[in-house]
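Before any comments, here is the structure.
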Amino acid sequence: MPSTPQSSERALLGDKKGKRPLTSEENRTQRFSSVARLVALLLLTLLPAGCITPPFAPRIPRDKKPEKVDTGPFWWGVASSPFQNEDRAEKPGTPNYFETDWDLFAKAGRVPPRGEEGAFSWTHFEKDLEALKKIGVNHYRFGIEWARVEPQPGRYNEVAIRRYVEMARKLRAAGIEPVVTLWHFTMPSWLVTPKKAGQSRWLHPLFRERWTAYVDKMSKALAPHVRVFAPQNEPNGDIALGYLSSVWPPGLFLDFGKYNAAMNQSVWAFREAAGIIKQNRKDSLILAIQALPYWVRTFWDPTQAYYNYMQRINLTHLDRTYDVCDLIGFNYYYTEYADFTALIALKLRKGNKYSLLGWVIQPRSLYKQIRFVANRYKKPIVITENGIATTKDIRRIRYLFNHVLEVKEAIKDGADVRGYFAWTLVDNYEWHHGYKAPFGMSKMDKKTKSRLLRPSSLFYKGLITTATDSDMLDELSAPDLPPGFIEH
């Protein structure tokens, strides 16, 4: 699921749901912080014209055609992440017990705790595989929990590594191509420097040394079964939320110096990872995954400073890494208005035009973003995440249908789109929203750990069954529901 820094309206105000009760001093601090964030956003919209320019496009010849990359039939997939889905399955005090920076952030009361269980995708991966086979996807994107495979610097959990390799092997055996994300927001707790947020995570002294070793270790182990690797998931969002809005680790607010330093480090890490992966598997494909909500200019941003800065958050990382990518993937969920009024409106939004999180649903914006990315980078595109938080599955069906239609239109109009991944397989932990945002096409049976498929999963199966590369959804209606599917 998305990092949504660009939905900075919610991020900058923060989300108190699921947290421990605050002390009176913490309440005063939080109220001051919220006011300071609102003032900062308001001032951003009032900056003189030219203070913040839009990100300049990379210098790519206009007549350059998309690169020829063999990806086979259209990718119909589902995406997930390790921290959101996996149970820890290691006991405290044992050699392989691990924690992430997100676990420490939750202990500090900054985000709701995930707990030890998640959706049991580690110990019960076979339940995920069973559901994927029923849905009929030909690709599945899952991630590696770095802290799990390297619980202490330089000491690897070989059993965990073999387990991830076995997951990839079983997917291939089932006719499902594994797409592996090597980093999906979380970092090992040993990359956190206590009381020194500016020297943690991307900026920790050990980061470069351990990152390259980790990428080499995992890509070698997975190479026999995995061709498509995503070095990072939404690094642009993670860095914005962690260093500008303070909502995510390491919890810094408007620290532009550390933001730029973390961005530089992440760009370096991505490029290094791409080179290492290519060395370990010559025919591998490097997939970028960025958070790209669609921003709309408004009257309340007269100098376009706010809009331009949000575009910089969207594009800076990708502008500096696209050249080492075979495929440009991006996660699209919503449209947002580039001004401070959205900050006020976000938590008040209700109705069919919004998700449970207050995100603006505008499927046509996906078409626009595909066209924009295609023109900017001249490379094949994959929609790596797309979904909605809702308690009404009929809304999820409508969301999927309308957004896949826009993918169809983009392909028809010349965009080289190679795949579409729905988010996500099963309801899970949704970062700073805790467990209050159901995105899954299924929910977990708490006793058996089976995935109880919702009608949206069957609908998605229908899309996959009837679609071809660029001739999608010509005639499609909602199918009847067979036994075994649930409606909530």
Side-chain angles (χ1 to χ4, degrees), residues 2-13 37-58 60 62 234 236-237 239-241 244-245 247 254 256 259 263 290-320 322 328 330-349 351-355 357-377 381 383 386 388 402-403 406-407 409-410 413 415:
S3 49
T4 66
Q6 302 78 347
S7 180
S8 54
E9 292 75 17
R10 178 181 291 272
L12 290 175
L13 272 183
R37 293 165 184 173
L38 180 58
V39 171
L41 288 175
L42 178 58
L43 290 176
L44 184 61
T45 66
L46 298 177
L47 286 174
C51 280
I52 299 179
T53 59
F56 296 106
I60 303 174
R62 291 185 177 181
E234 295 188 359
N236 59 336
I239 296 168
L241 280 173
L244 298 181
S245 76
V247 175
L254 294 182
F256 293 100
Y259 170 83
M263 178 65 71
Q290 301 284 343
L292 294 186
Y294 190 81
W295 286 94
V296 178
R297 300 182 184 93
T298 76
F299 170 82
W300 298 104
D301 182 29
T303 66
Q304 295 187 19
Y306 191 117
Y307 173 82
N308 289 343
Y309 197 74
M310 294 301 107
Q311 288 293 79
R312 282 174 175 260
I313 291 176
N314 267 16
L315 301 171
T316 296
H317 192 283
L318 188 53
D319 283 349
R320 297 172 61 184
Y322 79 94
I328 304 299
F330 69 88
N331 301 341
Y332 173 82
Y333 289 85
Y334 62 91
T335 293
E336 192 51 273
Y337 303 103
D339 65 64
F340 72 95
T341 62
L343 175 65
I344 301 170
L346 187 65
K347 292 186 177 182
L348 303 176
R349 291 171 176 165
N352 292 333
K353 294 182 180 179
Y354 311 106
S355 77
L357 300 177
W359 298 348
V360 180
I361 300 171
Q362 288 189 4
R364 190 60 177 174
S365 294
L366 176 56
Y367 170 90
K368 295 176 182 177
Q369 202 70 299
I370 291 172
R371 298 287 293 172
F372 174 83
V373 171
N375 291 332
R376 189 176 183 89
Y377 299 109
I381 293 169
I383 308 306
N386 183 235
I388 181 175
N402 289 336
H403 283 79
E406 298 300 338
V407 175
E409 285 299 307
D413 291 343

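Formation of a donor-acceptor pair under 3.5 Å by the Asp339 side chain with backbone atoms of Thr298 is not found in this model. Formation of a donor-acceptor pair under 3.5 Å by the Asn314 side chain with backbone atoms of Pro293 is found in this model. Remark: side-chain polar atoms of Asn402 are not paired, donor with acceptor, to backbone N or O of Pro363 under 3.5 angstrom. Using a distance-only test at 3.5 Å, with no hydrogens or angles considered, a donor-acceptor pair links the side chain of Asn308 to the main chain of Gln304.
For the side-chain contact (heavy atoms from CB on, under 4.5 Å) with Phe330, the lone residue among Leu292, Leu318, Asn236, Asn386 that qualifies is Leu292.
Minimum heavy-atom separation, Ile52 to Ala305: CG2-O, 3.9 Å. Considering every non-hydrogen atom in both Phe340 and Tyr306, the closest pair reads N-CE1, 4.3 Å. Contact between Val360 and Tyr337 at its shortest, heavy atoms only, is CG2-CE1, 4.0 Å. Contact record, Thr335 with Ser365: OG1-OG, 2.6 Å, taken as the closest heavy-atom pair.
Residues Ile383 and Ile370 form a side-chain contact, since some pair of their non-hydrogen atoms from C-beta on lies under 4.5 Å apart. The shortest distance between side-chain heavy atoms of Leu244 and Phe256 falls below 4.5 Å. The side-chain heavy atoms of Ile361 and Tyr334, taken from C-beta on, include no pair separated by under 4.5 Å. Side-chain contact between Glu336 and Met310 is absent, with no heavy-atom pair separated by less than 4.5 Å. Side-chain atoms of Trp295 and Ile313, non-hydrogen and from C-beta on, never get closer than 4.5 Å to each other. Ile60 is listed as a side-chain neighbour of Tyr322, based on a closest heavy-atom distance under 4.5 Å.
Screening residues 357-377 for salt bridge (Lys or Arg N to Asp or Glu O under 4.0 Å) gives Asp319-Arg376, Arg364-Glu406 as the qualifying pairs, with residues at least two apart or on separate chains.
Relative orientation of the His403 and Tyr332 rings is tilted, given thresholds of 30° and 60° on the angle between their planes. Ring-plane geometry between Tyr309 and Tyr259 is classed as tilted, the angle between the planes lying from 30 to 60 degrees on a 0 to 90 degree scale.
A donor-acceptor pair shorter than 3.5 Å can be found between the side chains of Thr53 and Arg312.
Asn331 CG to Glu234 CD: the interatomic distance, rounded to the nearest 0.5 Å, is 4.5 Å. With rounding to the nearest 0.5 Å, the separation of CG in Asp301 from OH in Tyr307 is 10.0 Å.
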